[in-house]
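Read the structure below first, then the notes.
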Amino acid sequence: MPGKKIYTDSGIEINEVYSAADLAGMVPEDALPGEFPYTRGVQPDMYRGKLWTMRQYAGFSTAEESNERYHYLLSQGVMGLSVAFDLPTQIGYDSDHPLSEGEVGKTGVAIDSIEDMATLFKGIRLEDVSTSMTINATGYILLAFYTALAKQQGADLRKITGTIQNDILKEYAARGTYIYPPKPSMRIITDIFEWCSHELPKWNTISISGYHIREAGSTAVQEIAFTLSNGKAYVQAAMAKGLDINVFGKRLSFFFNAHNNLFEEVAKFRAARKMWAVIMKELGATDPGALKLRFHTQTGGSTLTAQQPMNNISRVTMQTLAAVLGGTQSLHTNGYDEALSLPTEEAARIALRTQQIVAFESGAPDTADPLAGSYFVESLTHAVEEQAWQLMNQIDAMGGSVSAIEQGFIQEEIARSAYTYQRQVETGEKIIVGVNKFQVQETNSIPLFRVDDSIRQIQTEKLASLRKRRDPARCDSILQDLNDKAASGENIMPVVVEAVEHFCTLGEIADTLREVFGEYK
């Protein structure tokens, strides 16, 4: 009598056992790590040459408090900073705007001006750290703040490294922190690509994000299919503007999620690398640097449970291993308490130690692509790739990602997967330890990290002081210039940098473009 059927979260059926016969008819993956199509990794020696960058995503309250956390993380062995911004900053409102009430400093740090940015990085030389900023609709303004601060520090802009997420398509599909309609938003992104190629040549101009698509409820297959489709749309928009794919292609990076199904996640990362190399080659890229999919990973926020939160340490460890075995270039590990609050210092330290234990004690980084040749992993990589191509072909038939989002296709696919998953949890078909099985009577003794509501008052006072000290006529003149350049189609980045240097605020700059482009509803 045959055993019960078992499927991955993407609906791929898992055999009872795998053998060489399961690989029959597949294109054998003979290429070594560092060789096209990079299924086995983007570097020949992978982590023997250089470990992944260990980042910790942090940002809360005021720039002063976040700065303290950054200094602490750097002292604990973090190699790169990763900045979280509050909601008003993400959607282009100053802290004193009526719509900012109740949100200032909550989901991240409040940044209203160049002065806040200077405080955020006080005592940190921007030439010496790699900074990743999770910012999209206002990414162009935060990049301008960062650039202006680097100039103030006397840094060589050609040496500045880091990433802005700058991925607006997934905001329409999954996350919701957009401001402008899709077409002008794409224009801002290509302006950033063009400007950075001259001014900040080592800066990663976009982190094309599957993370939030997965957090919204997609499967692993949908995560890579929708993310790579978005990536393709950005590349085509840049090429339409006359940019060289071999130049800007090297500065594209990706951001993926790591969930609990260890082998499906490893297969997903391997398949994504191969698919992107093929896509870029078909679009005309010839430089190996432009064909390689480099990615940051964050462990799955939606997998964390408020029940028995210490279990999350085990989940994050498994997800860390998936990211490392899958060949990530950089990694953030979540704190065990993040289903309850912002991570405490202790939770952030354990999350970082999890990466360090995998790096220095597990043996996982000792050889490139250690799971290569596994009948199961190779078969699963092929299945994930095949299903992802089918979805991408559907999106291409609709006219690409922008069109598929405008038609609601991607949003509906994610919603359907999220609903199916939730049903499986509620019926007990899918077991979540401590949630729908193995429960205990709980009294929460975990210390929680809370942000004080007085933050908005502090930021409002800072803004009032700034507006008294600056030259208002000069600010008005620069904002008018920004308006004109946005309307005429000129690159807006030089004037945005000039605006922040003369103390124009984030909200004023975002509002100027709202007047030109309108808002997406």
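Because the structure is predicted, anything quoted here is derived from the model rather than measured. What's counted below: heavy atoms across the whole structure, side chains too, no hydrogens, waters or symmetry copies.
- Rounded to the nearest 0.5 Å, atoms OH (Y520) and CZ (R514) are 16.0 Å apart.
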- Message: Run R55 and T53 through side-chain hydrogen bond (donor to acceptor under 3.5 Å, both in side chains) and show every step you take.
- Response: CA-CA 6 Å; R55 294 187 185 279; T53 301; 5.2 Å; no

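- No donor-acceptor distance shorter than 3.5 angstrom exists from the side chain of R40 to the backbone of G327, with no hydrogens or angles considered.
- At least one donor-acceptor pair under 3.5 Å links the side chain of E171 to the backbone N or O of T177.
- The side-chain heavy atoms of P182 and Y172, taken from C-beta on, include a pair separated by under 4.5 Å.
- In this structure, CZ in R294 is found 5.0 Å from CG in N204, a value given to the nearest 0.5 Å.
- Between E115 and F503 there is a side-chain heavy-atom pair separated by less than 4.5 Å.
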- Task: Check the pair D112, T505 against side-chain hydrogen bond (donor to acceptor under 3.5 Å, both in side chains), reporting the backbone distance first and the verdict last.
- Result: CA-CA 6 Å; D112 294 316; T505 68; over 6 Å; no

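- Closest of all the heavy-atom pairs between A220 and E265 is CB-OE2, 3.9 Å.
- To the nearest 0.5 Å, the span separating OG1 on T147 from CD on E199 amounts to 8.5 Å.
- Remark: E501 does not engage R474 in a salt bridge, criterion side-chain N to carboxylate O under 4.0 Å.
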- For S401 and I410, what are the C-alpha separation, side-chain angles and deciding distance, and is it a side-chain contact (heavy atoms from CB on, under 4.5 Å)? CA-CA 8 Å; S401 261; I410 291 175; 4.3 Å; yes

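- Formation of a donor-acceptor pair under 3.5 Å by the N246 side chain with backbone atoms of T286 is found in this model.
- Ring geometry, Y70 versus F121: the interplanar angle falls under 30°, so the pair is classed parallel (tilted spans 30 to 60°).
- Ionic pairing of K183 and E406 is present here: one or more N-O contacts between side-chain nitrogen and carboxylate oxygen are shorter than 4.0 angstrom.
- A tilted orientation is assigned to the rings of W203 and Y146, their planes being inclined by 30° to 60°.
- A salt bridge links D287 with K250: at least one charged nitrogen is closer than 4.0 Å to a carboxylate oxygen.
- Between H296 and F255, the ring-plane angle classifies as tilted under the 30° and 60° cut-offs.
- Cation-pi contact between R273 and F256: absent, since separation from the ring centre below 6.0 Å together with deviation from the ring axis within 45° is not met.
- Side-chain atoms of K274 and R270, non-hydrogen and from C-beta on, never get closer than 4.5 Å to each other.
- One finds the CG atom of L252 at 10.5 Å from the OH atom of Y234 (value rounded to the nearest 0.5 Å).
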- Evaluate side-chain contact (heavy atoms from CB on, under 4.5 Å) for M493 paired with L143, printing each intermediate quantity in order. CA-CA 9 Å; M493 283 307 296; L143 180 60; 4.2 Å; yes

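- Remark: the backbone N or O of S218 is not paired with any side-chain donor or acceptor of S417 at under 3.5 angstrom.
- N257 pairs with exactly one of Q319, E223, K268, E215 by the side chain to side chain donor-acceptor pair (under 3.5 Å) rule, that one being E215.
- No side-chain donor from either of S209 and D167 sits under 3.5 Å from a side-chain acceptor of the other.
- With rounding to the nearest 0.5 angstrom, the CG atom of L142 is 9.5 Å from the CD atom of Q90.
- With hydrogens and angles ignored, the 3.5 Å screen pairs no side-chain donor or acceptor of T328 with any backbone N or O of V324.
- Enclosure of atom CZ in R423 is not indicated, since only 12 or fewer non-hydrogen atoms of other residues, nucleotides or ligands lie within 6.0 angstrom.
- Of the possible polar contacts, none joining the R214 side chain to the S302 backbone as a donor-acceptor pair under 3.5 Å is found.
- Taking the centre and axis of the six-membered ring of F36, the NZ or CZ atom of K281 falls inside the cone set by 45° and 6.0 Å.
- No side-chain heavy atom of E519 sits less than 4.5 Å from a side-chain heavy atom of Y180.
- Contact record, A110 with S95: CB-OG, 3.9 Å, taken as the closest heavy-atom pair.
- Note that OG1 of T320 and CG of N334 are 9.0 Å apart. Values are rounded to the nearest 0.5 Å.
- Using a 4.5 Å heavy-atom threshold, the side chains of L380 and T8 count as touching.
- Closest of all the heavy-atom pairs between A322 and V266 is O-CG2, 3.7 Å.
- A 6.0 Å sphere centred on CD of E64 holds more than 12 heavy atoms belonging to other residues, nucleotides or ligands.
- T512 and E508 share no side-chain donor-acceptor pair at under 3.5 Å.
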